[in-house]
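The structure presented is a predicted model; accordingly, all values stated were derived computationally and were not measured. The chains referred to below are lettered A, B, ... by the order of the sequence lines, with proteins before strands, and numbering in each begins at 1.
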2 protein chains.
Amino acid sequence: MVTGSCFAERLEKHIPLNEAERRALARLEETQRKVKRGAVIQRANDIVSELFVLRHGRVMSYVILPDGSRQILRVYFPGDFIGSASTIYSKAPETLVALADSVVCPFDKKGLRVLLEEYPRVAALMFVLSQAERVALTDRLASLGRTSAKARVAAFLLDIIHRLRVMDDDITDTFDLKLTQEEIGDAIGLTSVHVNRMVRQMEAEGLIRRSNGSITLLNEKKLAEIGHYTDRYTELNLDWLPAA
Amino acid sequence: MVTGSCFAERLEKHIPLNEAERRALARLEETQRKVKRGAVIQRANDIVSELFVLRHGRVMSYVILPDGSRQILRVYFPGDFIGSASTIYSKAPETLVALADSVVCPFDKKGLRVLLEEYPRVAALMFVLSQAERVALTDRLASLGRTSAKARVAAFLLDIIHRLRVMDDDITDTFDLKLTQEEIGDAIGLTSVHVNRMVRQMEAEGLIRRSNGSITLLNEKKLAEIGHYTDRYTELNLDWLPAA
DNA sequence: CGCGAGATTGACTGAGTTCAATAATCGTGG
DNA sequence: CCACGATTATTGAACTCAGTCAATCTCGCG
């Protein structure tokens, strides 16, 4: 039997839930599906009616443009709600691939409907958290549109570590990226060659350290300055939502 | 007295509403505020608790990076819900400026709470439409990260005209952009000089025509091809939402 | 008519790409 | 546990798209 809900746990980082809400959210995670690293969870343009909560592991979403180039849209962590575009489109606009061996909990959008109908506070919360996603995306947009290669790498690394910290208090300054340099490039609009140059430069400057796949941020303050980075995950203010 | 709700009208482009829902939405637009072209509606980093429905005119949101460069995040049209980041942040992450003389309807986020609590179907609808915004942003992300200057201009123009068409059936192939070339550049991550080069090139190739501020798309098919553009506004499928 | 914002154009520069070759690492089967 | 094939990382050199700088032009408006 499932012990708890990853998604509820995430929401409770921001606002307390009551027992009924917690139970309702846990129901979304009743079905668990293991996916191996590299496996495609959802393919762009396939007909879908499922969405997912990511329970373990790591997932990315991307699109492939007609010329073959790839834009990675987002990297997801446990507790994230993914594939939500299927709530409005019958054909998936993006591909979902596991970056590490993962566990996803699929559920039909009809299941979401029941949740939204019966737990308006959860509906409000989900609407509100989708705003946080929106702001994160606009930050990326500014990063891609208006900052240098080095700034993009810095902002990307900071974004990842901040999001990991939301769910895992143990993380201090070191984390596993689980992305190749080519994937980093596809996320921030650079070639793998240039990502490499930036990464080595930052390493040479003592901003980061690398060993195996893991990265240590040696000077977060400086990195934030270089990347024009603003943390959008810790300062959420949800007091105005209905009480539990 | 207010005749109707711009926002409700927009929602009904996607799904029918009942009388009570319509009335509740109209309440969000009870207060109307006129803003002149160029006026700042909300300033980044100011403390805010208001959000807005745009009733008439046109508004843009942007951020200014520390080096002074600007990234325009989104252009808004009548019926759009703007400034929604104030639902989670007490300090505005972005600036809102009127691109034309406009009418916005401000309301406190507490007002949103009442709406979300009492009309779960509206809450669901708002959550779901925020997904459409998200997908639009990811399309822009792919555009900025992975496509050429010409492709970005093409995609940008197509995006604007498609969004105008959602609310205004009269629009065929001509529209007023109400943006300078510098602003277009700030929206798609280019300089005004290069936007100019692309625009003239596209004009010379017979893809668009310009007169005064208005633009005519002469070959939408070709433009969509160049810009790798996908229309995300007409194919929404919301059947699974609770019935009215 | 003159002013000022925006558009246009040309010459030059440079950040990031492309191409290509080599080195390091990883996963896997024997 | 090790060798081998396949990714992934690293580096150099040439190239190119878009940026920068700066001058000129256009047009709406007081």
Side-chain angles (χ1 to χ4, degrees), chain A residues 36-39 60 65 67-72 97-101 143-157 176-204 208-215 226-227, chain B residues 36-38 60 65 67-72 97 99-101 143-157 176-204 208-215 226-227:
Chain A
K36 286 230 178 305
R37 184 164 71 82
M60 66 172 169
L65 299 190
D67 66 354
S69 64
R70 172 175 66 174
Q71 175 67 49
I72 294 181
V97 170
L99 286 167
D101 292 349
S143 184
L144 294 214
R146 284 288 177 236
T147 79
S148 70
K150 196 173 171 188
R152 294 187 213 177
V153 174
F156 186 70
L157 295 179
D176 270 335
L177 196 47
K178 294 187 200 295
L179 291 174
T180 66
Q181 293 179 355
E182 181 162 18
E183 286 164 341
I184 300 173
D186 285 347
I188 60 183
L190 297 171
T191 57
S192 61
V193 174
H194 207 60
V195 169
N196 183 273
R197 286 200 256 261
M198 294 301 107
V199 167
R200 330 222 71 232
Q201 191 188 319
M202 289 163 77
E203 194 170 26
I208 63 174
R209 192 195 311 134
R210 294 176 304 155
S211 66
N212 307 3
S214 96
I215 293 189
I226 291 169
Chain B
K36 285 230 177 305
R37 184 164 70 83
M60 67 173 169
L65 298 191
D67 66 354
S69 63
R70 172 174 68 172
Q71 176 67 47
I72 294 180
V97 169
L99 286 167
D101 292 349
S143 184
L144 295 214
R146 284 288 177 236
T147 79
S148 69
K150 196 173 170 188
R152 293 187 212 177
V153 174
F156 186 70
L157 294 178
D176 270 334
L177 196 46
K178 294 186 199 294
L179 291 174
T180 65
Q181 293 181 355
E182 181 162 18
E183 286 164 341
I184 299 173
D186 285 347
I188 61 183
L190 297 172
T191 57
S192 61
V193 174
H194 208 59
V195 169
N196 183 272
R197 288 198 262 258
M198 295 301 108
V199 167
R200 329 219 75 232
Q201 191 187 321
M202 289 163 76
E203 194 170 27
I208 62 174
R209 192 195 312 132
R210 295 175 301 155
S211 66
N212 306 7
S214 96
I215 293 189
I226 292 170

K.L.:
Could you check if a side-chain atom of B:D176 sits within less than 4.5 angstrom of a side-chain atom of B:N212, using non-hydrogen atoms only?
P.N.:
no
K.L.:
Which atom names give the shortest non-hydrogen contact between B:L65 and A:R146, and what distance separates them?
P.N.:
CD1-CB, 3.7 Å
K.L.:
Base, sugar-phosphate, or nothing: which does A:R152 touch, judged by heavy atoms less than 4.0 Å apart?
P.N.:
nothing
K.L.:
Have a look at A:G189 and say if it touches a base, only the backbone sugar-phosphate, or nothing, with a 4.0 Å heavy-atom cut-off.
P.N.:
sugar-phosphate
K.L.:
What is the distance, to the nearest angstrom, from the CD1 atom on B:I208 to the P atom on C:dA7?
P.N.:
13 Å
K.L.:
Determine yes or no for a side-chain-to-main-chain donor-acceptor pair under 3.5 angstrom, with B:D67 supplying the side chain and B:S69 the backbone.
P.N.:
yes
K.L.:
Taking 5' to 3' order, which nucleotide of DNA chain D is first and which is last to have an atom within less than 4.0 Å of a heavy atom in chain A?
P.N.:
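In short, chain A contacts DNA chain D from D:dT8 to D:dA13.
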K.L.:
Give a yes/no on whether any side-chain N or O of A:R210 is located under 4.0 angstrom from OP1 or OP2 of C:dT25.
P.N.:
no
K.L.:
Near DNA chain D, counting only heavy atoms under 4.0 Å, which residues of residues 190-200 of chain A show up?
P.N.:
A:V193, A:N196, A:R197, A:R200
K.L.:
Minimum heavy-atom separation for B:A149 and B:H194, please, with both atom names.
P.N.:
CB-CD2, 3.5 Å
K.L.:
Crowded around A:R210 CZ? As in, over 12 foreign heavy atoms under 6.0 Å?
P.N.:
yes
K.L.:
Quantify the bending of the helix from C:dC1-D:dG30 to C:dG30-D:dC1 as the angle between its end axes, each fitted on five pairs, to 10°.
P.N.:
50°
K.L.:
Whole angstroms only, please: what is the CD-P distance between B:E182 and C:dG6?
P.N.:
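My rounded result for the distance is 8 Å.
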K.L.:
If you count every heavy atom of other residues, nucleotides or ligands that lies below 6.0 Å from B:R37 atom CZ, does the total exceed 12?
P.N.:
no
